There are 2 protein chains.
Amino acid sequence: MSVPLYQAKAEFFKTLGHPARIRILELLSERDHAVHELLDRIDIEPSSLSQQLAVLRRTSLVTSTRVGGEVVYSVSVPEVRDLLLAARRILSGIIAAQGELESELSPTAGS
Amino acid sequence: MSVPLYQAKAEFFKTLGHPARIRILELLSERDHAVHELLDRIDIEPSSLSQQLAVLRRTSLVTSTRVGGEVVYSVSVPEVRDLLLAARRILSGIIAAQGELESELSPTAGS
DNA sequence: TCACGACTTGATAAAGTGTGCAACTGTTCA
DNA sequence: TGAACAGTTGCACACTTTATCAAGTCGTGA
């Protein structure tokens, strides 16, 4: 392979490394959404949303279809949902551990 | 929670968004490694490695212990391994799909 | 105690990203 | 036909990340 796998992996994770893109994938893994629907749910400028959608399209994580006046997006890789769930699990673990550590250092109040 | 979960997730993925950090996590999920061992396996300057290790430490994905003259790193969140595997699966799927598309467009040779 | 190997830290230039505004394309419907 | 949506694209500016070089810390063994 021309691009080492670990580099492709890094690229892939980079794609997920933006709050708006995470939100988009979460919403799309519930059901397909038109751009203006995403816009209602995510607090972001239209042009910015469009840009983040473009990033996800480039990586083939989502696809878009024009349906009359609107453009509908859908996730093209359903396994992404598992990945987001796995991330949540790991994150919860880390946050919980940090919480414990914090209360250990300061038993009466959190800083 | 003060930081929305989707933002924490984005931060988390951002942490994984660098080839050296992926390599480090892959090596560490095989077994613990001292810094100079990682250095033997990853083509990168010592100071750069140290910097990437610092990023992983900040996110609590790895921990370090001084053992005599060397510093040994280990993954502190074993589930990371599952995440990397999941990423590989998704990535293989995408790459395979792109391969198919390519040979469809140009049945006799890849561009 | 001093030199050396093993790491980390600081500083900085170069490269990469994200944001918001303005302009532009494509559709619908009155 | 043209006003009004629905989206996308082009830019310029601010910000972040990364690579590299130099300097510094911490043990260990001669």
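This structure is a prediction, so every number in the text was calculated from the model and none was measured. Protein chains get the first letters and strands the later ones, always in sequence-line order, with residue 1 at the start of each.
Looking at A/S47, its side chain comes within 3.5 Å of the base of C/dC21 through a donor and an acceptor atom.
Taking atom CG on A/L39 and atom C1' on C/dG20, their separation rounds to 14 Å, with Å as the unit. The CD-P distance, from B/E11 to C/dG18, rounds to 12 Å in whole Å.
The nearest heavy atom of DNA chain D to A/E70 and to A/K14 marks one nucleotide each, and the one closer to the 5' end goes with A/E70. Toward the 5' end of DNA chain C, the nearer of the two residues A/G68 and A/V55, judged by each one's closest nucleotide, is A/V55.
When the nucleotides C/dG18, D/dC11, C/dA6 are ranked by their closest atom to the side chain of A/Q51, D/dC11 comes out on top. Closest to the side chain of A/R57, from the set D/dT8, C/dT8, C/dC7, is D/dT8. For A/H18, the side-chain atoms get nearest to C/dG18 when compared with the rest of D/dT9, C/dG18, D/dT18. Across C/dT8, D/dA6, C/dC7, the shortest atom-to-atom separation from the side chain of B/A34 is found for C/dC7. Checking C/dG18, D/dG7, D/dC26 against every side-chain atom of A/Q52, the shortest atom distance belongs to C/dG18. Of the candidates D/dT8, D/dG27, D/dT18, D/dT8 carries the atom nearest the A/P46 side chain, counting heavy atoms from C-beta on. Among the nucleotides C/dG20, D/dG7, C/dA6, the one closest to the side chain of A/E45 is C/dG20. The nucleotide whose nearest atom lies closest to any side-chain atom of A/S50 is, among C/dT8, D/dT8, D/dT17, D/dT8.
At distances below 3.5 Å, not a single donor-acceptor pair connects side-chain atoms of A/S64 with backbone N or O atoms of A/V72.
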